[in-house]
There are 2 protein chains.
Amino acid sequence: MDRRQRKTRKAIFDAFTDLLKKKSYARITVQDIIDGADVGRTTFYAHFETKDDLLTSLCADIFEHVFSEDLGKEKTHDFSVEHDTGAMITHILYHLQEHMEYLPGILSGQSGEIFMTSFKEHLKDLFSHSCRSPGVPVPQDYMMNHMVCDFAETVRWWSQNPGYTPEEISSFFLRTTPLFESP
Amino acid sequence: MDRRQRKTRKAIFDAFTDLLKKKSYARITVQDIIDGADVGRTTFYAHFETKDDLLTSLCADIFEHVFSEDLGKEKTHDFSVEHDTGAMITHILYHLQEHMEYLPGILSGQSGEIFMTSFKEHLKDLFSHSCRSPGVPVPQDYMMNHMVCDFAETVRWWSQNPGYTPEEISSFFLRTTPLFESP
DNA sequence: TATGATACCAAACACGATGTTCGGTTTGAT
DNA sequence: ATCAAACCGAACATCGTGTTTGGTATCATA
């Protein structure tokens with residue numbers, strides 16, 4: 001990877017996220033992006049196969065950040081408590097908060113699905129050991145889907161109702177989805 | 001409204017739902033629809049402003065059926081118990097079942113949002129008197145959104161995991177979302 | 001049976017967005 | 001100085017949308 005390549009790639013990402021703060025994904029054209037990034041059309045398609053590919057890459061970047069592996073040893077946030085599920089939730093919300101400006105632009109239509117599909121995959125991994133069997137005949141897969149969707153929809157709600165702290169949102173989630181085991 | 005008009009409209013709806021059983025909404029073109037309905041392009045646009053308009057109309061038809069007002073006095077289904085929330089849920093699921101074949105084709109991408117937005121509006125009306133305050137500081141709006149999304153996602157899950165009865169699905173939902181008041 | 005309104009049809013069109021191809025230019029390492 | 005890479009913009013083919021045009025079928029009424 002060249003230095004120029006990285007620079008161009010960053011310019012495209014920046015223009016893209018900038019646009020997402022104003023318009024929804026569906027209303028953004030490739031022309032908008034290359035105008036904003038001041039980049040040739042050919043160059044854009046040299047970096048990304050399609051507009052969806054760009055979005056997928058952006059989501060990958062976001063999730064790499066949000067689900068970074070320093071969950072327990074985190075110092076920047078105000079929990080030095082044990083690494084329990086609640087703290088994990090709060091941690092993720094803190095990281096997500098940094099992307100809140102342009103999240104509403106993604107979380108609708110086809111783009112919302114691209115984001116959510118990947119998001120839910122990550123959440124499944126995360127929840128796989130926190131999901132307790134309800135002791136009643138409910139399929140495990142339903143259970144997992146239920147928790148994952150609850151959290152994803154909580155994030156969507158947050159993006160439409162900003163002004164709450166990650167701790168508050170975490171509290172809302174845990175109180176309405178009391179499905180976790182304490183470790 | 002002419003008799004011819006109704007016939008044409010029905011032909012378009014039928015072709016549309018037929019296509020939805022095979023392809024997702026996003027992959028269906030207007031050309032596909034008018035070919036399937038054996039109808040001229042001009043005629044299609046005389047009936048519906050856009051493809052989205054057709055979908056919106058279809059959703060309206062579905063919900064008119066699903067949320068029909070005979071909730072309490074229903075005899076065809078096997079609950080003659082009191083008109084409580086559980087029975088209401090089961091009733092809705094019974095009606096939704098009749099549209100299950102083509103629901104997966106709708107419940108993704110932009111079309112999923114069109115469906116879900118309208119669906120959630122109906123559910124809000126329905127749940128507005130069944131939603132109990134959790135006795136803890138969780139915003140009422142969050143609460144309502146939580147319940148509505150839970151049910152909507154349950155339906156989505158059902159559409160991807162067919163083979164369960166409405167009673168089973170209702171039970172899954174009520175056990176994982178214990179937020180209702182008994183009347 | 002003649003007439004006129006209304007629905008219908010096919011074909012062609014303008015438009016907007018996508019993704020590709022072309023020849024030429026800049027950058028930066030050797 | 002050279003050479004490969006990344007870049008540029010302009011033109012292009014393609015596809016789907018929604019509109020326009022001019023003509024045909026249906027059906028009620030006179």
Side-chain angles (χ1 to χ4, degrees), chain A residues 1-59 61 105-106 108-115, chain B residues 1-59 61 105-106 108-115:
Chain A
M1 286 261 182
D2 205 75
R3 213 160 76 242
R4 271 186 295 171
Q5 273 185 57
R6 293 188 186 280
K7 192 177 164 185
T8 303
R9 190 184 163 91
K10 185 178 182 324
I12 293 174
F13 270 121
D14 286 349
F16 185 40
T17 50
D18 266 11
L19 285 162
L20 280 170
K21 293 174 190 171
K22 301 167 212 150
K23 303 183 192 182
S24 71
Y25 176 79
R27 303 176 60 84
I28 295 172
T29 74
V30 173
Q31 196 61 47
D32 292 334
I33 299 168
I34 65 186
D35 285 350
D38 201 41
V39 146
R41 188 170 198 76
T42 324
T43 306
F44 176 88
Y45 283 105
H47 281 263
F48 305 98
E49 284 188 13
T50 68
K51 203 178 68 163
D52 279 2
D53 184 34
L54 169 62
L55 176 61
T56 305
S57 300
L58 177 65
C59 289
D61 275 21
I106 296 178
S108 67
Q110 179 60 37
S111 51
E113 203 173 11
I114 291 174
F115 179 93
Chain B
M1 285 263 181
D2 205 77
R3 213 160 77 242
R4 273 185 294 170
Q5 272 185 59
R6 293 187 186 283
K7 192 177 166 186
T8 303
R9 190 184 162 90
K10 184 176 182 327
I12 293 175
F13 270 120
D14 286 349
F16 186 40
T17 49
D18 266 11
L19 284 162
L20 280 170
K21 293 174 190 169
K22 300 168 211 148
K23 303 184 193 184
S24 71
Y25 176 78
R27 304 175 60 84
I28 296 173
T29 74
V30 173
Q31 196 61 48
D32 292 334
I33 299 167
I34 66 186
D35 285 351
D38 201 41
V39 144
R41 188 171 198 74
T42 324
T43 306
F44 176 88
Y45 282 106
H47 281 264
F48 304 99
E49 285 189 14
T50 67
K51 202 179 67 164
D52 280 2
D53 185 34
L54 168 61
L55 176 61
T56 304
S57 300
L58 177 65
C59 289
D61 276 20
I106 297 179
S108 67
Q110 178 61 35
S111 52
E113 203 173 10
I114 290 174
F115 180 92

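When reading the values below, keep in mind they use all heavy atoms of this one structure, side chains included, and skip hydrogens, waters and symmetry mates. If you're wondering where the values come from, they're calculated on a predicted model, not measured in any experiment. Below, read A as the first sequence line, B as the second, and so on, with proteins coming before strands; counting in each chain starts at 1.
At dA6(D), none of the side-chain N or O atoms of H47(A) fall inside 4.0 Å of OP1 or OP2 (strictly under the cut-off). Residue T8(A) has a polar side-chain atom (N or O) positioned under 4.0 Å from OP1 or OP2 of dC7(D).
Rounded to an integer number of Å, the gap from CG of D53(B) to P of dT17(D) is 14 Å. Following rounding to the nearest Å, F48(B) (CZ) and dT19(D) (C1') show an atom-to-atom distance of 18 Å. The nearest whole Å value for the distance from the CZ atom in R27(A) to the P atom in dA17(C) is 10 Å. In this structure, D52(B) atom CG and dT17(D) atom P are separated by 10 Å, rounded to whole Å.
F115(B) meets the ring pair (Phe, Tyr, Trp, His ring centres under 6.0 Å) test with F63(B), F119(B); sequence neighbours excluded. Here D53(B) pairs with nothing under the side-chain hydrogen bond (donor to acceptor under 3.5 Å, both in side chains) rule; sequence neighbours left out. In this view, A11(A) and A37(A) satisfy the side chain to side chain contact (heavy atoms under 4.5 Å, CB included) rule, not counting sequence neighbours.
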Checklist line | Sequence-aligned protein contact record of nucleotides 18-30 of chain C, with B where the base is within under 4.0 Å of a protein heavy atom and S where only the sugar-phosphate is | finding: BBBBB---BB-S-
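Counting only residues at least two apart or in different chains, salt bridge (Lys or Arg N to Asp or Glu O under 4.0 Å) contacts with residues 33-47 of chain B are absent.
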Next item on the list: Tell me, with the steps shown, if S57(A) and H47(A) meet side chain to side chain contact (heavy atoms under 4.5 Å, CB included).
Entry: CA-CA 11 Å; S57(A) 300; H47(A) 281 263; over 6 Å; no
Kindly list each side-chain donor-acceptor pair under 3.5 angstrom involving residues 17-28 of chain B, sequence neighbours excluded, with atom names and distances?
unit_1 : atom_1 : unit_2 : atom_2 : d
T17(B) : OG1    : F13(B) : O      : 3.0
T17(B) : OG1    : D14(B) : O      : 3.0
K23(B) : NZ     : D32(B) : OD2    : 3.0
Y25(B) : OH     : K51(B) : O      : 3.2
Y25(B) : OH     : D52(B) : N      : 3.2
Y25(B) : OH     : D52(B) : OD1    : 2.5

